[in-house]
Amino acid sequence: SNRTLSCIMASSTLLCVVAAVLCRVAGASLTAYYPLTAGSSLTNGIWTVPANTPIQLLLFAPGITTATTVTFTLSSTSCEGDRHGEATIISASNNMTATVSTSLPYFNGKLQYMCIDDSFQGNKPWATIGTYLPQESGEDFPLSVEIFLIFVLLALSGLFSGLNLGLMSLDTTELKIVSEVGSEDEQRYARAIMPLRMRGNMLLCTVLLGNVIVNSALTVLLDDVIGSGVYAVIGSSLSIVIAGEIFPQALCARHALWVGAHTTWLVYFLMVLTSPVSYPVSILLDRVLGVEIGAVFQRNQLVKLIQLTQDNIGLGTNEVNILTGALTFREKTAGQIMTKLENVYMLDVETVLDYRTMTSMTQAGHSRVPVYRDVRTNIVGMLHVRDLCFVDCNDATPLEAIINHYKHLVEFVYDDTKLDELLDLFRKGRTKICMVSHLDNSRGAGNLVTVGIVTLEDVLEEIIQTEFDDALTHEEQASMPAFATNVPKLTEQFTTAIVAYLGTLEPFGPATIAPHILKLLVQQAGVLREITRAALPSGLLYERGRDLSHFTLVLDGHLKVTIGIDEFSIDAGPFTPLGLDALTSPIPGVHPSCDFNAAIASDTILVLQITRAQYTRSVRASKTPSGSPARPAAASASAAASVAEQPGKQPGAAKRRKSGGLLHTARHSARTRTHARRGGTPDTPQAIQPDIENWNDSEEANLI
């Protein structure tokens, strides 16, 4: 028995030796493996291990030794392709088992197969291994917590992005303006933001640092939830750009004050939190870049800003023009706005102040007139029209006498003088008009040449960008009463004849105007006029279609009157009334329209011209106790009744008043002229004559 047992053991040992030799000759063959690293899992008989992580595997392969080579391949049929993950044999036992160490890459979930000594071990589960990416960041937080943190970080990212645009776009100058002139809420918001905005570099560093930290954390969380790859890149980019950049910046750009004022507590907290980094950087920026200055606009930029925003801030065109002119007028010079000397109304110092000169100055409409000697560039004085208040035209006073008496200062400025300097000169009150001189260097030595004038009105027009249209139009000049070179004075007899004739006209009858008041009206200054044909540009004293502004009585000379569609012509001589409707218009202040033309046929005519205002003042003066009509009211009533009882005479009266009281019958005019030649006895004026020149025109509506 002992011999039998010894034989069996010897046979077994021999068989093992033979098997080992055969295995060594044929190579090791894998029968199974087991992962020794935590995090491995078994699915459908295939082990899955963490990728890119050192792992250990226990291999069951007869014939394996420490000299055996273990590799991995993606091919499921052979080991001829690329291999990777070569394992290190840590230990081998009885040529049956071995412990190996390796690290396998991740191939997007693809399976890997083992190769031992270049021998493919097959694609069975015991020779196949899978890998997965370990969830490192998700190990501490559940998925629901990560999603919640993603929304919180997106909100913070949007807040930082919006504050970066909103707060940094509010410069200190704008905040100071809003805190003073904004609405109540805007002032409160601006005062809350002002301390933060004054630390501009510190605020910038805090907001940007917080934004970078939040976006970095957000990217990591999105990578954990979505996973790596193209989808992770697209998802994180869209979420950050849309929710963290576009919408917040669009909101804060329009409501920066509101958002900034309600998040100041958070910004202060972040300033403290990030101060170890943001404070040193902000100090460095302050030293290198200097203190931040608010928005500053140049003049031309401010003008353009006003013009571009006028519709949004409710500025009218006139307001924009005034602001623009006030900002730009100092850039202009006197030479740019002056009136050239050839266009200036001037008088020679040898001029005599007669009626012709007075008429010329009146039609020019200027309050100051430069005076020259010999040539227009030699200015010797300045005439103020108010100096002529006590000058009688009939005295023919020399202009030089007036100039030498008042000696008004004549200011000269260069043509390159800025308008702000010119305005300061006018503001001092010494003058309102300056002569503009140009330094002419064309002949060697510089000579000052007077080239024009500039007035305070010119400067003001440049400031408000609007011209003062105070010049008389052609129609206004034509309607102005013309003055003659020598107006004769009426004799007492001629005055009596005029009063007697006017008394025969209904508007001037004794029942309306007392005779002595009518006489005062005839003798009033400016009523008697001598008009030359050359004084009227059109040669027409009355023109069809224009307003009847005054009544005219021809005293000497002739007019050619054209009436009707057929252009019927009448020669209107002395004692011909024209324009009676101007005095009897039923609507005060509204002049009737003229329906005829009256042209001056002789060189000059002597006329009596009475305006509606003068007439109504005379009517009112006649109704006062001191100016009552000479005839009793009963007599006037009986006279009116006698006229009313004679209806046959009414058509004739209407005919004589046709065309605004144009013509009376030739017999009536001849009879009146005969009366004028014979003379008449003037009515004795009252002891107290009413002042018919000083009635207020505004009371005209109540006078008739």
Side-chain angles (χ1 to χ4, degrees), residues 329 331-388 398-400 402-403 406 408-419 421-423 425-426 430-463 465-478 480 482-483 485 532 534-538:
F329 87 102
E331 300 175 358
K332 300 178 181 179
T333 61
Q336 292 176 305
I337 68 169
M338 71 176 184
T339 302
K340 294 184 179 180
L341 202 63
E342 54 266 24
N343 299 327
V344 177
Y345 177 81
M346 305 173 68
L347 292 176
D348 194 328
V349 72
E350 303 296 335
T351 303
V352 176
L353 298 175
D354 53 12
Y355 276 95
R356 185 182 298 277
T357 304
M358 295 291 195
T359 300
S360 175
M361 285 191 293
T362 301
Q363 293 178 346
H366 302 300
S367 61
R368 293 168 177 82
V369 179
V371 179
Y372 66 92
R373 186 186 300 275
D374 298 333
V375 293
R376 292 172 63 88
T377 57
N378 182 23
I379 308 300
V380 296
M382 187 69 64
L383 173 65
H384 292 196
V385 175
R386 66 171 181 264
D387 300 339
L388 306 179
L399 176 59
E400 188 172 7
I402 302 298
I403 296 300
Y406 289 99
H408 292 299
L409 178 66
V410 181
E411 291 281 356
F412 287 85
V413 296
Y414 291 103
D415 57 351
D416 59 352
T417 303
K418 298 295 184 181
L419 294 192
E421 301 176 11
L422 197 58
L423 183 61
L425 178 62
F426 290 142
R430 293 187 299 177
T431 183
K432 297 296 183 292
I433 183 172
C434 291
M435 308 305 300
V436 181
S437 300
H438 174 67
L439 186 61
D440 186 8
N441 295 319
S442 58
R443 299 181 180 179
N447 296 320
L448 286 177
V449 180
T450 303
V451 293
I453 65 169
V454 62
T455 65
L456 175 61
E457 180 179 320
D458 296 329
V459 178
L460 295 179
E461 286 178 352
E462 288 300 318
I463 294 177
Q465 296 290 295
T466 302
E467 292 188 3
F468 296 140
D469 190 11
D470 56 353
L472 297 178
T473 63
H474 175 74
E475 292 77 7
E476 290 173 337
Q477 291 182 356
M480 289 182 58
F483 296 93
T485 57
T532 62
L536 298 177
S538 61

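Computed from a predicted structure; not experimentally measured. No hydrogens, no waters, no symmetry mates; every other heavy atom, side chains included, goes into these values.
- With sequence neighbours excluded, no residue satisfies side-chain contact (heavy atoms from CB on, under 4.5 Å) with D374.
- In this structure, the side chain to side chain donor-acceptor pair (under 3.5 Å) partners of S360, at least two apart in sequence or on a different chain, are Y345.
- With sequence neighbours left out, the side chain to side chain donor-acceptor pair (under 3.5 Å) criterion links H366 to no other residue.
- Closest heavy-atom contact between L419 and V459: O-CG1, 4.4 Å.
- Every residue meeting the side-chain contact (heavy atoms from CB on, under 4.5 Å) condition with S437, not counting sequence neighbours, appears here in chain and number order: F412, L448, T450.
- Remark: T333 engages Q336, K418 in a side-chain contact (heavy atoms from CB on, under 4.5 Å) (not counting sequence neighbours).
- Closest approach of D348 and Y372 over heavy atoms only: OD1-O, 3.3 Å.
- The distance from atom CG of L456 to atom CG of L422, rounded to the nearest 0.5 Å, is 8.5 Å.
- Partners of T351 according to the side chain to side chain donor-acceptor pair (under 3.5 Å) rule, which considers only residues two or more places apart in sequence or in another chain, do not exist here.
- In terms of the ring-ring contact (aromatic ring centres under 6.0 Å, His included) criterion, Y414 has no residue partners (sequence neighbours excluded).
- The side-chain contact (heavy atoms from CB on, under 4.5 Å) search around D458 returns I337, T339, V454, T455, E461, not counting sequence neighbours.
- Nearest heavy-atom pair across M361 and L347 is SD-CD1, 3.8 Å.
- Under the rule for a side chain to side chain donor-acceptor pair (under 3.5 Å), Q465 has no partner lying at least two apart in sequence or in another chain.
- Expressed to the nearest 0.5 Å, how far CD1 of I403 lies from NE2 of H408 amounts to 7.0 Å.
- Among residues two or more places apart in sequence or in another chain, the salt bridge (Lys or Arg N to Asp or Glu O under 4.0 Å) test is passed with E421 by none.
- Within the 4.5 Å cutoff, the side chain of L399 has no heavy atoms near those of the T357 side chain.
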Donor-acceptor pairs are to be reported for all side-chain atoms of residues 376-385 against protein atoms at under 3.5 Å, with residues two or more places apart or in another chain.
unit_1 : atom_1 : unit_2 : atom_2 : d
R376   : NH2    : L341   : O      : 2.8
R376   : NH2    : V344   : O      : 2.6
N378   : ND2    : R373   : O      : 3.3
H384   : ND1    : R386   : NH2    : 3.2

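- In this structure, OG1 on T417 lies 9.0 Å from CG on L425, to the nearest 0.5 angstrom.
- Proximity of V449 to L439: side-chain heavy atoms (C-beta onward) are nowhere separated by under 4.5 Å.
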